[in-house]
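Notes to accompany the following structure.
In what follows, every heavy atom counts, from backbone to side chain, and hydrogens, waters and symmetry copies are set aside.
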Amino acid sequence: MDARFLSIADVVEVPSVAVVVDVMRAYTVAAWAFARGAEKIVLAGSLDEVLALKARHPDWVGLKDGPPAPGFDAVNSPGLLRSLDLGGRTVVQKTTAGTVGALAVKDASLVLCAGFVVAEATAGVLRARGSDGVTFVVTGEDGRADEDLACAQYIARRTTGTDVDATEFLRRADASRAAAELREGVRQGAHPDDVALCLELDRFPFAMVATLEDSLMVLRPCAVPSPTAEA
């Protein structure tokens, strides 16, 4: 498999298959939202879009980076989100990097959104598809976020069927700037457990696929296809 690792700004052509990686914290949060019962997640392009969608759909759950704000129901923290009951709800998510990365590749034939918590499931979908080339969008820090790059590289290795030890990839993520900022309270709207929750390898058995639905980029959980049984 030909794997490319690009920043959001480096995505100048529409890839066939894209994996958008945001470990800390957008796609860890998204996975937790599905685990808490959310039906779908709308990936919004701006905070104003979140508020406009909520105005039309008052029962939707608005989620953003940073501290709580009027009009929003939750913040981009897995530690805080895990206590919410989202059964059957639609979440509208806007984050600094993760949602921006997904919207940058919205026209790809397959868009997966990932973090360590869904790494193996994501690799499983890629293996089942048998794609020759995959573009990994490393969303954080203009493509330099080591937690996102480490996760992308781990998924790429697992997609080829390589039996790889995740320890070093998780260590890099744990030592990343994002992890340090979360621990030190630099990032608002955080919970003390956020870093640990973002590093729970394969916490969830599903992948997450984003598709365009009525002009909105919508993320949904996706079961991993079963391997074809041998005759």
Should the heavy atoms of other residues, nucleotides or ligands under 6.0 Å from CZ of Arg36 be counted, would the total exceed 12?
-> yes

Does any non-hydrogen side-chain atom of Met24 lie less than 4.5 Å from one of Val195?
-> yes

Which residue, Phe116, Tyr27, Trp32, forms the ring-ring contact (aromatic ring centres under 6.0 Å, His included) with Phe204?
-> Trp32

Report yes or no: do Thr96 and Asp65 form a side-chain donor-acceptor pair below 3.5 Å?
-> yes

How far apart are the closest heavy atoms of Ala74 and Leu84, and which atoms are they?
-> CB-CD1, 4.1 Å

Shortest non-hydrogen separation from Phe136 to Ala3 and the atoms involved | CE1-CB, 3.9 Å

Near Asp107 CG, under 6.0 Å, is it more than 12 heavy atoms from other residues, nucleotides or ligands?
-> yes

Heavy atoms, side chains only, cut-off 4.5 Å: are Lys64 and Val50 in contact?
-> no

Nearest heavy atoms of Val75 and Gly66, plus distance in Å = CG1-O, 3.2 Å

May I ask you to test the Leu126-Ile155 pair for a side-chain heavy-atom distance under 4.5 Å?
-> yes

Below 3.5 Å, can you tabulate the donor-acceptor pairs from side chains in residues 138-147 to any protein atom, sequence neighbours excluded?
from: Thr139; atom 1: OG1; to: Val21; atom 2: O; distance (Å): 2.7
from: Thr139; atom 1: OG1; to: Asp148; atom 2: OD2; distance (Å): 3.4
from: Asp146; atom 1: OD1; to: Arg172; atom 2: NE; distance (Å): 3.4
from: Asp146; atom 1: OD1; to: Arg172; atom 2: NH2; distance (Å): 2.8
from: Asp146; atom 1: OD2; to: Arg172; atom 2: NE; distance (Å): 3.1
from: Glu147; atom 1: OE1; to: Ser176; atom 2: OG; distance (Å): 3.4

Residues two or more places apart in sequence or in another chain: which of them pass side chain to side chain donor-acceptor pair (under 3.5 Å) with Thr167?
-> Asp165

Student check: side-chain heavy atoms of Tyr154 and Leu170 closer than 4.5 Å = no

Could you list the residues that satisfy salt bridge (Lys or Arg N to Asp or Glu O under 4.0 Å) with Arg187, not counting sequence neighbours?
-> Glu181

salt_bridge(Arg4, Asp10) N-O dist < 4.0 Å = no

Is a side-chain donor or acceptor of Ser109 paired with a backbone partner of Ser16 at a separation under 3.5 angstrom?
-> yes

Qualifying salt bridge (charged side-chain N to carboxylate O under 4.0 Å, His left out) pairs, either residue in residues 110-129, two or more places apart | Glu120-Arg127, Glu120-Arg158

Identified side-chain contact (heavy atoms from CB on, under 4.5 Å) counterpart of Lys94 within the set Val100, Asn76, Leu43, Val42 | Val100

Do Ile8 and Val137 come within less than 4.5 Å of each other through their side chains, counting heavy atoms only?
-> yes

Which atom of Cys151 lies closest to which atom of Gly115, heavy atoms considered = SG-C, 3.5 Å

Thr28 side, atom OG1; Leu197 side, atom CG - distance, nearest 0.5 Å = 8.0 Å

Check Val14 against Ala108 and note the closest heavy-atom contact, atom names and distance.
-> CG1-N, 3.6 Å

Sorted by chain and residue number, the side-chain contact (heavy atoms from CB on, under 4.5 Å) partners of Pro205 (sequence neighbours excluded) come out as none

Would you kindly confirm whether Leu86 and Val92 end up in one hydrophobic cluster when ILVMFWY residues are joined by side chain heavy atoms under 4.5 Å apart?
-> no

Non-hydrogen atoms of Leu199 and Ala173 that approach each other most closely = CD2-CB, 3.5 Å

Taking the side chain from Gln93 and the backbone from Ala26, do they hold a donor-acceptor pair closer than 3.5 Å?
-> yes

Before accepting this row, confirm whether a basic side-chain N of the pair Arg220/Glu213 lies closer than 4.0 Å to the acidic partner's carboxylate O.
-> yes

With sequence neighbours left out, the residues meeting salt bridge (Lys or Arg N to Asp or Glu O under 4.0 Å) with Lys54 are Asp73

